[in-house]
> 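Please read through the structure below; I'll follow up with questions.
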Amino acid sequence: RRRAMGRAMGLVGLLLGLFLVPAVLVSTSLRHGAPWTEPELELSEWEPISNTVPENSLWPLPQSLRTSRRQLQLAPGRFQLVHSTGSLAEPDCGLLQDAFRRYYDYMFGHSDRRRHSRRPPGAREEPELLQLQVVVESLDPGCHSYPHLGSSEAYHLTVTEPVAILKADEVWGALRGLETFSQLVHEDDYGSFLVNESEIDDFPRFAHRGILLDTSRHYLPLKSILTNLDAMAFNKFNVLHWHIVDDQSFPYQSIYFPELSDKGAYSYNHIYTPTDVRLVIEYARLRGIRVIPEFDTPGHTQSWGKGQKDLLTPCYKGQQPTGSFGPVNPILNTTYDFMTKFFQEISNVFPDAYIHLGGDEVNFNCWKSNPEVKEFMKKQGFGTNYAKLESYYIQKILDIVSSYKKGYMVWQEVFDNKAQLKPDTVVEVWIGDNYAHELSKVTGAGFTAILAAPWYLDYISYGQDWKKYYSVEPLNFPGSEEQKKLLIGGEACLWGEYVDATNLTPRLWPRASAVGERLWSSRSVTNLEDAYERLSNHRCRML
Amino acid sequence: AESEPPWGTPCTQLLVSVAAPGCDGFPSLDSKESYELSVSEGSLLLSADTIWGALRGLETFSQLVGRDENGTYYINQTEVVDFPRFPHRGLLLDTSRHYLPLRAILETLDVMAYNKLNVFHWHIVDDPSFPYQSLTFPELSKQGAFNAMSHVYSASDVQAVLEHARLRGIRVIAEFDTPGHTLSWGPGAPGLLTPCYLGKSPSGTYGPINPILNSTYEFVSSLFKEVSTVFPDFFLHLGGDEVDFTCWKSNPKIGAFMKEMGFGQDYRKLESFYIQRLLDIVSSIGKGSIVWQEVFDALVKLRPDTIIHVWKESSPPYMEEMANVTKAGYSALLSAPWYLNRISYGQDWMAAYQVEPLKFKGVPEQKDRVIGGEACMWGEYVDVTNLTPRLW
């Protein structure tokens, strides 16, 4: 896919006039620094060849990448990341300003040489790269809006002297390109900052590339979540699936229903205030990451019952309530009154177009034990098929949420149990047995799907298990071309039963990086040895 | 009101009474760690035979102190009589597969003390790197460390570890594993490792320590003399595990030696020949030896006070090995079921907890020879970024 070119300057224009080679060819033949054959470009054969191949730490691997042995120097005191005069991102594009500062810091942060200084005698002879200019071309670049499923994350990066150019349709692509540029800059043995002349054309293979964090089994302090968002940006992940509440605790401080967290959180210190939530959403936005909250019902809701009386179904033994509770009670009007108000709040608090409504692992035993529920089943003509009751409930929630103009994501059971889903529903396939078959069914029925099943990273094991995650091919399921288009991405999940702030980061990374490349890079990028080299360099850089 | 707790007289002092004089020594295998703790109205008394027992008692005391929801510290009336079931309760850290900065080691020693572990088994060098800065052979770390400036343990680092450990009643037992697991020794000690052959000429790669040269034994003798002065514990761990015979088999000079010695094709005899001499060197320096089980399995002639470290899960099953080792009269340490580097999903602490070290067929004298065990955290996938949550 060729980017539209703006005004070119001199050598840059020459380079930009080159045809782009399809990803497959490039990825197999030119990646290892083979010199270009175009006669216009000087081959600097006499220059010392650095030990590191320029792209030996790129992660995820771009779709199309050409590098030459020719290197450029960067002086921290002089190099700048700037808006190009042709860019449609306003000068007041805070998102990019923030990114410029952040990436400058990643590249040169621990250097003493950030002050202005003259070029020292005996400095290397390479030409100096003075700037990376960022051009955002769309009339609606996205500076002050939120990323969404349809956002453009494509970018074109040309690194050549004296000025490198990063072009993108929208700011989201600029963010991805800045990350890649920062991965190209490296230090030589003497501490000089260098970058090889390169041309990169890149875009994600899948649009939904997510990480699931679970803040109910264990509370995660803000710092932990923000550090994780940084790591996600290093790996071009673009969705934080925030599984914020569950059976064990309810840390989300609701404005309409403060008792939910008052009674349901582990303690008053283990909550997310509205300010905390806004911080996460903005921190994510500045990194091009969508925040999709999950309020999982009707199962996984024990903690909701502490602060909301009569929400959960009372379980019975014979004719007597046992004192324990089951899933959300689907037969009471009060349930739906509550959900209507609750999801109104959620729709306002979380700006993403989607909310995840859960719907997994509903245990029917409690419903079966409750005489009023049984009575309701009879009246509705559901017989003894409790899946129908589950669907009855989910249906109403789905309708409530769509009335707030939100789309929804659901776990696969909601589809499997035949609830009536809106066409833009995203079904998340998580059950490990035969997930390929499930993907066929979901996409065969015309729904979009995301894949989580092979990527449950909470299931730790000894050794290099990243290879197993890397080797998953999401489109390996029986289906037509149209069906395959409905698989829009996947998520690496770190459920919290055994995870808290003391072990989250080393458990999630760099294992999740394997998933990140699988979801961004081309299908043909599968070589484990090459991946190992790039991933080990990438991991050290992330530290 | 009826819900007021019946607080006794506020306690102001924990009196610590230690029978044996002196605070300046190092703990040993024979150290007594027993203590008694008596908490009653107006009297808090911790008594122990030795300072090591006092340390254990202080840890327990600190665990008994509670805090109520008003913030008041309290302690229940309590009587504690305590002593360890096994005298050797160890933890292995591997600083060769990944260098561990000093602070990671010191932090680990702190947590060991919380858990009354009393031996730090420092698997300090191995194939991938040689971070131990030797005074006698400075080239070993200069050439063998991942980075000779930053990824080394200087003499003062080692002293810091020894003292930090001592203050917590923890013995430091260094392991310089030979003749296998020594690739990183090669660059700094030319001629030490066996050159492997491809046909008639050297292939350029190296194998275990070369057991047929006198220079080998001179070197090993000097190195262990230094190590035995640096590390005060009576015991040194000599390794002796996983010796790969392929390189020895390929080397014609070794082949000639095997013939000369009448070892036939049994390279275990060559391995034993080396280990034997090493054990003699170490005991002549006045130290005791701990070895991995292979040394016992290869029927090396061992001094009766050698300690055998059982690490293999199977071939034979480790409880069978424990029985064999103790039956032959040696003391045994158990690690096989406690390789904590082998992570798995869920509450795997339970499997470790349920191990019963004495669950093997043997007479009481045998069982008495089990002196304890060690949890091992091998470093292939472990560095400072994940050590602490993986280990504890």
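Below, read A as the first sequence line, B as the second, and so on, with proteins coming before strands; counting in each chain starts at 1.
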> Tell me, for A/Y498 versus chain B, whether the close heavy atoms (under 4.5 Å) come from the side chain, the backbone, both or neither.
side chain

> Answer yes or no: are there more than 12 heavy-atom neighbours, outside B/Y99 itself, under 6.0 Å from its atom OH?
yes

> Is it true that, when you exclude B/L198 itself, more than 12 heavy atoms of the residues, nucleotides or ligands shown sit nearer than 6.0 Å to its CG?
no

> For the candidates A/L543, A/D458, A/N503, which exhibits the highest count of non-hydrogen atom pairs separated by less than 4.5 Å from chain B?
A/D458

> Flag yes if more than 12 heavy atoms outside B/E356 fall under 6.0 Å of its CD atom; otherwise flag no.
yes

> Under the ring pair (Phe, Tyr, Trp, His ring centres under 6.0 Å) test against B/Y345, which residue among A/Y459, A/Y462, A/W495 passes?
A/Y459

> Does atom CE of B/M149 have more than 12 heavy-atom neighbours, drawn from other residues, nucleotides or ligands, at distances under 6.0 Å?
no

> So which residue, B/R342, B/Q347, B/R390, ends up with the most heavy-atom pairs under 4.5 Å with chain A?
B/R342

> Under 4.5 Å between any side-chain heavy atoms of B/T385 and A/R539, yes or no?
yes

> Would you mind checking which part of B/D348 comes under 4.5 Å of any heavy atom in chain A, side chain (CB onward), backbone (N, CA, C, O), both or neither?
neither

> Decide if atom OH of A/Y532 counts as having more than 12 heavy atoms of other residues, nucleotides or ligands within a radius under 6.0 Å.
no

> In Å, rounded to the nearest 0.5 Å, how long is the span from CH2 of B/W392 to OG1 of A/T502?
14.0 Å

